[in-house]
**Q** 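Encoded as structure tokens, here's the structure I'll be asking about.
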Amino acid sequence: MRSPIALPLLFPMLALLVLLPVSCGEVDTGKPHKLLEQGWEYYRAGEYAPALKAFQRAERLNKKDPELALKIDYALATTWNLRRPGNDTAKARAYYQAILDKAPRHDLAAWTLLALARLLHVIPSDQKPDYPAMRLAYQRVIDAFPGHAASDEAFLYQQTTLLATLKPAEAAQALTNVLAYMARYPQTRQKSPLYQLVANCHQILGNPEARLEAEIQALKTRELDPTNPRANFAWPIWAIANLAEFEAGDFKTAREYYKRFLAEYPDENKTYAAQVALDRLAATEARVRAGK
């Protein structure tokens, strides 16, 4: 299951036009489930005040449906947590805790635990991060909901806290952890970012050849976003080519990815540089063959 908070912030113009007449008036429906739907529409459009109004009215009107109550709690927690400006982490925590108190094994409880961990991780730049506390919070998700999509995300974020120190010992530990996790959950939807973590570990550890292979796997396993079928992969292709040429010394792979860059992105601003790179590779190989 995808994260219930992974909601698009931008609508197509037509959808916005449909929303505009509603956003100018009062929330006017007596059905809690309809109010919940309407509130999420406001949220997606970035209209947080009417979203809260819809969710709060749904909360007042819902008297009998415990499942709907959990969804309303999650909507209120998410809005108080993520709205900008005007977020209120205390109110968000209270609603998240209400979900855990009512239904600690519910699917929304997994995402709630992840959201609480993220509250520890996403902090103002002037605050010092408490990495041990973050790791424990993420571990709480992993232990309570093994194999869940929320646990996949929690594990990913947890390992980034090890890499954030840039210490080789912690990078080595993260590398061991990630490889073990991928072996245990080979179907995880976080495969591409996990391979990217592997690449980052090898960068800290000074293993350019292993990093190159991980970068290639990260690109190969990227999920295509159905809402963005024209996703641009020019940068990772270019980065792989550069890594192969200048750090791994793998001219065959470098040539493959420079050519791929030219074939797939002929109008990018690095097109000329890619052709120069291919000429440079050919010249270097010619000098090596000539013994110069």
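When reading the values below, keep in mind they use all heavy atoms of this one structure, side chains included, and skip hydrogens, waters and symmetry mates. One-based numbering along the sequence shown.
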**Q** Do other residues, nucleotides or ligands put more than 12 heavy atoms under 6.0 Å from Arg140 CZ?
**A**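 Not buried by this count: 12 neighbours or fewer within 6.0 Å.
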**Q** Rounded to the nearest 0.5 Å, how far does CD of Glu256 lie from CD1 of Ile237?
**A**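 The CD atom of Glu256 is 10.0 Å from CD1 of Ile237, to the nearest 0.5 Å.
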**Q** Are the side chain of Thr112 and the backbone of Tyr96 linked by a donor-acceptor contact shorter than 3.5 Å?
**A**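 It does not hold such a pair.
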**Q** So, do Arg222 and Tyr195 sit near enough that their side-chain heavy atoms are less than 4.5 Å apart?
**A**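 Not touching, per the 4.5 Å side-chain cut-off.
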**Q** If you compare all heavy atoms of Lys102 against all heavy atoms of Ala69, which two are closest, and at what distance to 0.1 Å?
**A**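 Closest heavy-atom pair between Lys102 and Ala69: NZ-CB, 4.2 Å.
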**Q** Check whether more than 12 heavy atoms from other residues, nucleotides or ligands sit under 6.0 Å from atom NZ of Lys167, and answer yes or no.
**A**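 Open.
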**Q** Does any N or O in the side chain of Thr271 come within less than 3.5 Å of the main-chain N or O of Glu268, such that one atom is a donor and the other an acceptor?
**A**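 Present.
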**Q** Going by heavy atoms in the side chains, are Thr188 and Leu194 under 4.5 Å from each other?
**A**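 Touching, per the 4.5 Å side-chain cut-off.
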**Q** At what distance, to the nearest 0.5 angstrom, does CD1 of Ile99 lie from CG of Asp73?
**A**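 Going from the CD1 atom of Ile99 to the CG atom of Asp73 covers 5.5 Å.
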**Q** Salt bridge between Arg135 and Glu170, side-chain N to carboxylate O under 4.0 Å?
**A**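 Glu170 and Arg135: salt-bridged.
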**Q** Tell me, please, whether Phe145 has Arg105 positioned over its six-membered ring: NZ or CZ under 6.0 Å from the ring centre and within 45 degrees of its axis?
**A**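 Relative to the ring axis of Phe145, which defines the angle, Arg105 lies inside both limits.
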**Q** Let's go through Arg260 and Tyr265 carefully: what are the C-alpha distance in whole Å and the side-chain angles of both, what is the deciding distance for side-chain contact (heavy atoms from CB on, under 4.5 Å) to 0.1 Å, and is it a yes or a no?
**A** CA-CA 8 Å; Arg260 179 176 171 182; Tyr265 300 100; over 6 Å; no
**Q** Would you call Glu247 and Arg211 a salt bridge, using N to O less than 4.0 angstrom?
**A**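 Yes.
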**Q** I'd like to know whether CZ of Arg184 has more than 12 heavy-atom contacts from other residues, nucleotides or ligands below 6.0 angstrom.
**A**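 Count not over threshold, so no.
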**Q** Take Tyr48 and Tyr42 through the ring-ring contact (aromatic ring centres under 6.0 Å, His included) test and state the conclusion after the steps.
**A** CA-CA 7 Å; Tyr48 301 116; Tyr42 286 126; over 10 Å; no
**Q** State whether the number of non-hydrogen atoms from other residues, nucleotides or ligands found under 6.0 Å of Lys191 atom NZ is greater than 12.
**A**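 Buried by this count: over 12 neighbours within 6.0 Å.
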**Q** Between Tyr138 and Phe155, does the ring centre distance come in under 6.0 Å?
**A**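 Ring centres of Phe155 and Tyr138 not closer than 6.0 Å.
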**Q** For a quick test of reading the model, state the closest non-hydrogen atom pair linking Pro146 to Ser151 and the distance between them.
**A**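 Between these two residues, the closest heavy atoms are N-OG, 4.1 Å.
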**Q** Between Ala248 and Glu209, what is the shortest heavy-atom contact and its length?
**A**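 Residues Ala248 and Glu209, closest heavy atoms: O-OE2, 4.0 Å.
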**Q** Is the closest side-chain heavy-atom distance between Cys201 and Leu163 below 4.5 Å?
**A**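 Yes, close enough: below the 4.5 Å cut-off.
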**Q** Would you check if Leu262 and Leu278 make a side-chain contact, meaning some heavy-atom pair closer than 4.5 Å?
**A**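 Heavy-atom side-chain distance check passes, below 4.5 Å.
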**Q** State whether the side chain of Asp130 and the backbone N or O of Ala133 hold a donor-acceptor pair below 3.5 Å, judged by distance alone.
**A**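 Yes.
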**Q** With rounding to the nearest 0.5 Å, note down the distance linking CG in Leu116 to NE2 in His121.
**A**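 So the CG of Leu116 and the NE2 of His121 are separated by 15.0 Å.
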**Q** Dump the intermediate steps for side-chain contact (heavy atoms from CB on, under 4.5 Å) on Lys31 and Leu61, then the final yes or no.
**A** CA-CA 8 Å; Lys31 297 180 179 180; Leu61 292 176; over 6 Å; no
**Q** Kindly work out whether a path of hydrophobic side-chain contacts (I/L/V/M/F/W/Y, heavy atoms less than 4.5 Å apart) joins Ile142 to Tyr185.
**A**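 The answer is yes; both residues are in one hydrophobic cluster.
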**Q** Could you pull out the closest heavy-atom pair between Ala241 and Ala254, with the gap in Å?
**A**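 Closest heavy-atom pair between Ala241 and Ala254: O-CB, 3.6 Å.
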**Q** Looking at every heavy atom in both Ala103 and Leu70, which two are closest together, and how far apart are they?
**A**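 Taking Ala103 first and Leu70 second, the nearest heavy atoms are CB-CD1, 3.8 Å.
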**Q** For Gln196 and Glu215: C-alpha separation, side-chain torsions, deciding distance, then whether side-chain contact (heavy atoms from CB on, under 4.5 Å) applies.
**A** CA-CA 6 Å; Gln196 190 60 60; Glu215 293 279 6; 3.2 Å; yes
**Q** CG/Leu108 to CG/Leu113 distance, rounded to the nearest 0.5 angstrom?
**A**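 Leu108 atom CG to Leu113 atom CG measures 11.0 Å (nearest 0.5 Å).
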**Q** Any donor and acceptor pair, going by atom type alone, linking the side chain of Asn177 with main-chain N or O of Gln173 inside 3.5 Å?
**A**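 A pair under 3.5 Å: yes.
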**Q** Quick one: CZ on Arg280 to CZ on Phe251, what's the gap to the nearest 0.5 Å?
**A**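 The distance works out to 8.5 Å.
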**Q** Please answer: with hydrophobic residues joined when any side-chain heavy atoms are less than 4.5 Å apart, are Phe246 and Ile216 in the same cluster?
**A**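 Both belong to a single hydrophobic cluster.
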**Q** Could you check Asn87 against Trp80 for side-chain contact (heavy atoms from CB on, under 4.5 Å), going step by step and ending with a plain yes or no?
**A** CA-CA 5 Å; Asn87 64 308; Trp80 282 120; over 6 Å; no
**Q** Is it true that Trp238 and Tyr257 have ring centroids separated by less than 6.0 Å?
**A**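 Judged by ring-centre distance (under 6.0 Å), Trp238 and Tyr257 do not meet the cut-off.
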**Q** Is there a donor-acceptor contact under 3.5 Å linking the side chains of His33 and Asp65?
**A**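 Judged by distance alone, the side chains do not pair up.
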**Q** What I'd like to find out is whether the side chain of Gln56 reaches to under 4.5 Å of the side chain of Leu35, using heavy atoms alone.
**A**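 With C-beta onward as the side chain, the pair stays apart.
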**Q** Looking at Thr253 and Ala244, would you say the former's side chain and the latter's main chain have a donor-acceptor pair under 3.5 Å?
**A**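 The answer is no, because no donor-acceptor pair under 3.5 Å joins these two groups.
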**Q** What distance separates Arg287 CZ from Thr284 OG1, expressed to the nearest 0.5 Å?
**A**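 Arg287 CZ to Thr284 OG1: 4.5 Å, rounded to 0.5 Å.
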**Q** Do Leu52 and Arg83 make a side-chain contact, defined as non-hydrogen atoms from C-beta onward lying under 4.5 Å apart?
**A**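 When only atoms from C-beta onward are counted, Arg83 and Leu52 do touch, with a gap below 4.5 Å.
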**Q** Taking C-beta and beyond as the side chain, do Tyr258 and Asn242 meet within less than 4.5 Å on heavy atoms?
**A**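 In contact.
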**Q** For residues Val122 and Leu114: do they belong to one hydrophobic cluster (side chain heavy atoms under 4.5 Å, members Ile, Leu, Val, Met, Phe, Trp, Tyr)?
**A**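 No.
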**Q** Minimum heavy-atom separation for Ala171 to Ile204, with atom names?
**A**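 Between these two residues, the closest heavy atoms are CB-CG2, 3.7 Å.
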**Q** Does Thr161 reach the main-chain N or O of Tyr131 with its side chain, forming a donor-acceptor pair under 3.5 Å?
**A**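 Looks like no, no N/O pair under 3.5 Å.
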**Q** Do the side chain of Tyr157 and the main chain of Met134 share a donor and acceptor less than 3.5 angstrom apart?
**A**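 No, the answer is negative, given that no donor and acceptor are paired below the 3.5 Å cut-off.
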**Q** One pair to check against side chain to side chain donor-acceptor pair (under 3.5 Å): Asp152 and Tyr181. What are the steps and the verdict?
**A** CA-CA 9 Å; Asp152 284 350; Tyr181 192 88; 2.5 Å; yes
**Q** Flag the pair Leu76 / Lys91 as yes when at least one side-chain heavy-atom distance between them is below 4.5 Å, and no otherwise.
**A**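 Leu76 vs Lys91: side chains apart.
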**Q** Please determine whether a side-chain nitrogen of the Lys or Arg among Glu153 and Arg118 lies less than 4.0 Å from a carboxylate oxygen of the Asp or Glu.
**A**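 Looking at Arg118 together with Glu153, the answer is no, because their closest N to O distance does not fall below 4.0 Å.
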**Q** In the single-linkage hydrophobic clustering (I, L, V, M, F, W, Y; side-chain heavy atoms under 4.5 Å), do Trp235 and Phe233 co-cluster?
**A**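 Looking at the clustering, Phe233 is in the same group as Trp235.
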**Q** Does the side chain of His106 come under 3.5 Å of the side chain of Glu67 through a donor N or O and an acceptor N or O?
**A**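 Yes, because at least one side-chain N or O of His106 sits under 3.5 Å from a partner of the opposite role on Glu67.
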**Q** Using a strict threshold of under 4.0 Å (side-chain N to carboxylate O), is an ion pair present between Glu285 and Arg255?
**A**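 Yes, charged N to carboxylate O under 4.0 Å.
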**Q** Leu100, Leu120: one ILVMFWY side-chain cluster at the under-4.5 Å cut-off?
**A**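 Leu100 and Leu120: one cluster.
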**Q** Is the backbone N or O of Ala172 less than 3.5 Å from a side-chain atom of Thr176, with the two atoms forming a donor-acceptor pair by type?
**A**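 Here the side-chain-to-backbone pair exists.
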**Q** Does Thr79 use its side chain to pair, donor to acceptor, with the backbone of Ala75 at less than 3.5 Å?
**A**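 Checked: pair present.
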